[in-house]
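FYI, side chains are in, hydrogens and waters are out, and symmetry mates aren't considered; it's all heavy atoms of this structure.
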Amino acid sequence: GAEAKTSAVAEPEPEPVDVSIPYDAAALLAYDAWREEYEKGDFDAAEFEKFKGIYEEATVMEVSMKKMSRDMEAEVAKMKANIGKVESKFSSLKKEMVSMAEG
């Protein structure tokens, strides 16, 4: 009998694609937007380094403020729950005093 021969066609390996993001990408995008908004002209390496320092510090501050806000909201929720418990206890104590006065 005739055997069917399968020929394996070697497919070329795809070229690796670099999908890494440069470390300063966010600062660079912000710097480019800032230059455009304030009509600062072409890229200036020294100015970018100064901008980057300010941008990074501001970014850390912004993240810190958001975390503090979330933490504060969680604390307020706990306090409201505690107030509810105290109000409930206070209400039952008042009823007990009224009951005692009437009894």
Side-chain angles (χ1 to χ4, degrees):
E3 287 185 27
K5 288 188 177 180
T6 57
S7 60
V9 177
E11 293 189 27
E13 286 290 318
E15 289 293 319
V17 178
D18 182 7
V19 292
S20 63
I21 298 171
Y23 177 76
D24 293 336
L28 187 56
L29 286 172
Y31 176 67
D32 288 343
W34 175 82
R35 282 187 308 119
E36 187 174 321
E37 181 179 348
Y38 294 100
E39 300 176 359
K40 297 299 280 182
D42 294 335
F43 180 89
D44 177 296
E47 184 177 67
F48 171 68
E49 287 303 315
K50 183 176 181 182
F51 178 90
K52 184 176 78 165
I54 295 167
Y55 172 82
E56 289 172 350
E57 187 174 355
T59 300
V60 168
M61 295 273 185
E62 182 179 25
V63 169
S64 296
M65 288 186 306
K66 287 179 180 180
K67 183 183 181 321
M68 284 188 256
S69 179
R70 282 192 311 274
D71 292 349
M72 182 182 67
E73 289 170 7
E75 287 300 313
V76 167
K78 287 180 196 173
M79 292 172 93
K80 284 182 178 180
N82 287 336
I83 288 172
K85 290 175 189 173
V86 170
E87 285 175 335
S88 177
K89 180 67 176 172
F90 175 74
S91 178
S92 77
L93 289 171
K94 282 188 75 169
K95 286 178 187 174
E96 193 175 326
M97 289 189 310
V98 170
S99 175
M100 190 175 129
E102 294 173 347

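Shown here are the side chain to side chain contact (heavy atoms under 4.5 Å, CB included) partners of K94, two or more places apart in sequence or in another chain: F90, M97. Every side chain to side chain donor-acceptor pair (under 3.5 Å) that E47 has, sequence neighbours left out, goes to Y31. In this structure A45 satisfies the side chain to side chain contact (heavy atoms under 4.5 Å, CB included) test together with F43, sequence neighbours excluded. Partners of D44 by salt bridge (Lys or Arg N to Asp or Glu O under 4.0 Å), not counting sequence neighbours: none found. Remark: D71 pairs with K67 by the salt bridge (Lys or Arg N to Asp or Glu O under 4.0 Å) rule, at least two apart or across chains. Qualifying salt bridge (Lys or Arg N to Asp or Glu O under 4.0 Å) partners for E57, counting only residues two or more places apart in sequence or in other chains: none. Remark: S64 engages V60, M68 in a side chain to side chain contact (heavy atoms under 4.5 Å, CB included) (not counting sequence neighbours). With sequence neighbours left out, E49 forms a salt bridge (Lys or Arg N to Asp or Glu O under 4.0 Å) with K52. Among residues two or more places apart in sequence or in another chain, the side chain to side chain contact (heavy atoms under 4.5 Å, CB included) test is passed with K50 by I54.
Ring planes of W34 and Y38: tilted class, angle from 30 to 60°.
Among residue pairs with one or both ends in residues 27-37, those qualifying as salt bridge (charged side-chain N to carboxylate O under 4.0 Å, His left out) are D32-R35; sequence neighbours excluded. Applying the side-chain hydrogen bond (donor to acceptor under 3.5 Å, both in side chains) test to pairs two or more places apart or on separate chains, those with a residue in residues 9-19 are D18-S20.
Within a 6.0 Å radius of CG in L93, other residues, nucleotides and ligands contribute more than 12 heavy atoms.
Side-chain atoms of S69 never come within 3.5 Å of backbone atoms of M65 as a donor-acceptor pair (strictly under, hydrogens ignored).
The structure places OH of Y55 at 10.5 Å from CG of D24, a figure rounded to the nearest 0.5 Å.
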- Go through the steps for S91 and E87 under the test side chain to side chain contact (heavy atoms under 4.5 Å, CB included), then give the verdict. CA-CA 6 Å; S91 178; E87 285 175 335; over 6 Å; no
Please report, to 0.1 Å, the donor-acceptor pairs under 3.5 Å made by any side chain of residues 76-84, with sequence neighbours excluded.
from	atom 1	to	atom 2	distance (Å)
K78	NZ	E75	OE2	3.3

